[in-house]
Structure formats: structure tokens, C-alpha cells
Amino acid sequence: MAFARPLLRRPLSGQLLGRRGVCAGAMAPPRRFVLELPDCTLAHFALGADDPGDADAPDPRLAALLGPPERSYSLCVPVTPDAGCGARVRAARLHQRLLHQLRRGPFQRCQLLRLLCYCPVGQAGAQQGFLLRDPLDGPDTRQALLELLGACQEAPRPHLGEFEADPRGQLWQRLWEVQDGRRLQVGCAQVVPAPEPPLHPVVPDLPSSVVFPDREAARAVLEECTSFIPEARAVLDLVDQCPKQVQKGKFQVVAIEGLDATGKTTVTQSVADSLKAVLLKSPPSCIGQWRKIFDDEPTIIRRAFYSLGNYIVASEIAKESAKSPVIVDRYWHSTATYAIATEVSGGLQHLPPAHHPVYQWPEDLLKPDLILLLTVSPEERLQRLQGRGMEKTREEAELEANSVFRQKVEMSYQRMENPGCHVVDASPCREKPSYPLLTDGPVITKDPLIMFQ
């Protein structure tokens, strides 16, 4: 990857370069990065690759983002492939703290992009991070980054990379650490293009970070949070009061899913009234009072909270479905789809493929008989949102502002399996929307969307 204009300040000496394109004394296993660009496309590059022969041609988008005349920095939070739950929680909290700090002070003039560092063999342990692009190449940005690095005294300590070009126009990354108040260069590697892997590199981490396969996996996350989120202990106490194995009663259970402002609340209440059914919500009211607290936490903590809420709801479903039909306003599919769409950067094509295990219902969670996915046009949904006047969650705001994120949520919903979603057009213009009828057990014969007739 070459650049027309090499960087003149502090140029890399040709004597430091090894035969394979890595600074002498800094040989390391190949590392790869994926950068999410403003148009939601992804660009991959590698550091220290012994043989870049399998890579694609140099990506001109990377040259424009990493090379002169501006200055680019990378900041990644390390986490090992075998990291335990506590290490993942600490890394996620540091990543969120860095994000808040990188939006203030001298960083406000910089472009901030999402960056992921990963191993090329498709294993777990992807490292979340940022690419910071300073249009002025100012010394205050570098100094502020070093101060930010020096302030991180506890593990995990982030890695700071600085990109620059040598006299031949080749791009390199210097890796810095701060020890005893001094800046030390601990690595230097050439930047080379890298091929896009068959599967998005964050997918192997999903079951241990956001789409928890069972109750215990989500519980372990909140257990790590009790020292700094007192409400986490209260949630765990409520979860522990729920039996681990519950069975549905003889009456039908219907979960109603959909994006915000598709009519879930209205439909669920209408259907519950029509069928004399019990209406439940996830997260349930017993923990809903703490929703705002967990919504402000990193994704791994937020998703653990919502996942455990599903298990509390499952206990309520088992009890109520023995006496009457049950309608559930959101359930596991909602928890999983938002997590997948948030964590997997890029566009629709970067989601896990259909039938991937991440779309499977957890084996230890009570299943509904039917899941209805309400849909409306983007224009109708936006009109409803504007008329709400309610405070938005982080994800609701993202749905409204980012059409790609909304499409990823919708696609993830449609790929859910065992059970899958039955899509229902809930637009008010329809004279009578189509819907699947329940036929097993006590039959629900009334129209679950009667309000739209």
C-alpha cells in the first residue's frame, strides 16, 4: 500500500525495516483489522503479515483514511480468546469510557470510526477499538491520546497505534505504551491489505458477549457487575427465585415482536383484551424500574440484563398459561436481534448467514407457540415516532437515524429459528391484515389484529 506523499516529520528509517516488512525486534503474529467506513462498508487490513499474497489489491479507501497528509491513530482494548467473563466486562467498560472521552476536548475535531482487531483464523477474542483521524495532525491530539493511555492504570490497558508513511510511501503502524510517565515504542509493523473473511470476525464472540445461549451465561455477566451496579444483585436474586426448568401450561402463548412504533403495545393490549388473555412484557415490571440504569451500560451488560428478564418472564408464562392464554410484548427474539445488529458492523451482507446457530432459540428458555413480527413501512413508523414525544433509548435513536441498522434488525428477526417469526403487515391502511391462526391446544379463534379491521 503506497502513498503519493510520504510523511516528513519523524520519518521511519529504512535501517529499522526487516525483510518481511516489520521493524527489527518487533516480529509478532499476524493481526488483522476491520474498519467500518461512514457508508457502512468494511475495509480490512493486516499488520505484520508474513505473506500478504492471499490479500486483495490495495484498498484506496484505506490509503485515504490511514495515510498523509492527515494523521490517524488506532486505539484497541485487548482481550484474549480465552478471556473469562470478568475480563470481557472490564474490557467493555473501558471501551465505553474511551468512547466518551474521545468525543471531548481536542478529539472533537477528529473523525471517529469503529475499528475491530482480530485473529485471521476465525477464533473468538476480537478486540473492540477506534480509529481516530486528525485532519490537522496536531501535537495536542497525540499528547491527549498519550495522557489517555497513561491514565489507564488497570488491566486491560488499551493499545495505541500511530500510522505514518516511510520515505518510500509505505504505510506503517507504530505501537505505543506509557510506562512511568514515559512514552515507549513497543512495536512497529507494515500495513498491508487483507482479504475479507467468510464470516464477520465478531461472530465467534457473540455467544459469550451479547447473544447468550443459556441462563447461566447471562447470569455470569451480571454477577461480575454487582460491585459497581447494586441493582445487578437485585436482578440476580429475582432470577434465582425462578425455577431453572419450567413448562408451558395448556393454553396458548403468543409473543408479539417488531421494531419500535410498529404497534406492538396497542396490538398486544387489544389482543389480550379480546381473548381475555394475560398480558406480559419483557423486561418484566419487577426489573423494568432499572432499565434506564442498564441501558447506559456497555452492550454485554445491557444484553445480560434483557436476557435474564426473558427467563423471569418465562417463569411467569409457565404459571399464567396454566389458567389462560398469554400474550407477551417482546421476548427473546427482540433481545437477540438488537444485539446482533449492534455488534456486527457493516451492512446486511455482514450479518451471520441464515441458519447460523446464533439465530437459534436457547434450549433452556420456554418457547411460545407463535411469534408474530409486526411490520409497517419506514414512513409510517417514522410518523408514529414523531408523534410519541417519549424519551428514546440508545437503540431507538439508532433505529430512527440509521437505516442500515434498522434493516439489520429486520433481517435478524426474519432469520430467527426454532421458532421463527410470522411476519404481519400492521399498516393501518390494510382492510384486514393476514395472520396465522393457532390450531394446537385451546384454539384462539378471534382475530389477533382485530383493531386494524
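Looking at every heavy atom in both residues, Leu149 comes nearest to Pro158 through CD1-O, 3.0 Å. Nearest approach of Gly346 to Lys408, heavy atoms of both residues: O-NZ, 3.1 Å. Looking at every heavy atom in both residues, Ile287 comes nearest to Gly309 through CD1-CA, 3.7 Å. The shortest non-hydrogen separation linking Ser334 to Glu257 is CB-OE1, 3.0 Å. Minimum interatomic distance between Val404 and Gly347 (heavy atoms only, all atoms of both residues): CG1-CA, 3.9 Å. Across Tyr118 and Pro197, no two heavy atoms sit closer than the pair OH-CD, 3.8 Å.
Ring-plane geometry between Phe130 and His95 is classed as parallel, the angle between the planes falling under 30 degrees on a 0 to 90 degree scale with a further cut at 60.
Geometrically, Arg93 engages Phe228 in a cation-pi contact defined by less than 6.0 Å to the ring centre and at most 45° from the axis.
Shown here are the side-chain contact (heavy atoms from CB on, under 4.5 Å) partners of His200, two or more places apart in sequence or in another chain: Leu42, Leu116, Val202, Val203, Val344, Ser345, His350. Applying the ring-ring contact (aromatic ring centres under 6.0 Å, His included) rule to Phe212 yields no partners; only residues at least two apart in sequence or on another chain are considered. Listed by chain and residue number, Asn310, Val313 satisfy the side-chain contact (heavy atoms from CB on, under 4.5 Å) test with Ser282 (two or more places apart in sequence, or in another chain). Residues satisfying the salt bridge (charged side-chain N to carboxylate O under 4.0 Å, His left out) criterion with Arg97, sequence neighbours excluded, are absent altogether. The ring-ring contact (aromatic ring centres under 6.0 Å, His included) search around Phe305 returns Phe294, not counting sequence neighbours. Residues passing the salt bridge (charged side-chain N to carboxylate O under 4.0 Å, His left out) test with Asp329: none are found, sequence neighbours excluded. By the side-chain contact (heavy atoms from CB on, under 4.5 Å) test, Ala255 is found to be paired with Val328, Tyr331, Pro368, Ile371, residues two or more places apart in sequence or in another chain being considered. For the salt bridge (charged side-chain N to carboxylate O under 4.0 Å, His left out) test, no residue two or more places apart in sequence or in another chain qualifies with Asp364. A search for side-chain contact (heavy atoms from CB on, under 4.5 Å) contacts involving Met411 returns Leu348, Leu351, Arg415, not counting sequence neighbours.
Of the options Leu115, Leu66, Leu62, a side-chain contact (heavy atoms from CB on, under 4.5 Å) to Phe33 is made by Leu115 and by none of the others.
Annotation: the span from Ile300 atom CD1 to Cys85 atom SG amounts to 5.5 Å, rounded to 0.5 Å. Atom-to-atom distance recorded for Phe405:CZ and Thr342:OG1 is 3.5 Å, nearest 0.5 angstrom. Rounding to the nearest 0.5 Å gives a distance of 8.0 Å between CZ of Arg302 and CD of Gln96. Distance check: Arg32 CZ to Cys117 SG gives 11.5 Å after rounding to the nearest 0.5 Å. Between the CG atom in Leu35 and the OG atom in Ser72 there is a gap of 9.0 Å [rounded to 0.5 Å].
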Problem set entry | Residue pair Gln127, Val79: steps toward the side-chain contact (heavy atoms from CB on, under 4.5 Å) verdict | CA-CA 6 Å; Gln127 301 176 12; Val79 60; 4.1 Å; yes
For this session: Decide salt bridge (charged side-chain N to carboxylate O under 4.0 Å, His left out) for Arg88 and Glu224; before the verdict, give the C-alpha distance in whole Å, the side-chain angles of both, and the deciding distance to 0.1 Å.
Result: CA-CA 10 Å; Arg88 289 184 177 275; Glu224 294 290 339; over 6 Å; no
Exercise. For Leu47 and Arg31, what are the C-alpha separation, side-chain angles and deciding distance, and is it a side-chain contact (heavy atoms from CB on, under 4.5 Å)?
Worked result: CA-CA 5 Å; Leu47 297 178; Arg31 291 168 289 154; 3.9 Å; yes
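For the salt bridge (Lys or Arg N to Asp or Glu O under 4.0 Å) condition, no pair includes a residue of residues 340-359, sequence neighbours left out.
Listed for the Ser208 side chain is a donor-acceptor partner under 3.5 Å among the backbone atoms of Asp205. No donor-acceptor distance shorter than 3.5 angstrom exists from the side chain of Lys281 to the backbone of Arg330, with no hydrogens or angles considered.
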What donor-acceptor contacts under 3.5 angstrom involve side-chain atoms of residues 234-241, with partners at least two apart or in another chain?
unit_1, atom_1, unit_2, atom_2, d
Asp240, OD1, Arg219, NE, 2.9
Asp240, OD1, Arg219, NH2, 3.4
Asp240, OD2, Arg219, NH2, 2.7

Using residues 98-108 as the side-chain source, report each donor-acceptor pair under 3.5 Å to any protein atom, sequence neighbours left out, with the distance given to one decimal.
none

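Arg183 and Glu177 are not joined by a salt bridge, as no carboxylate oxygen comes within less than 4.0 angstrom of a charged side-chain nitrogen. Here Asp39 does not pair with Arg61 in a salt bridge; the nearest charged N to carboxylate O distance is not below 4.0 Å.
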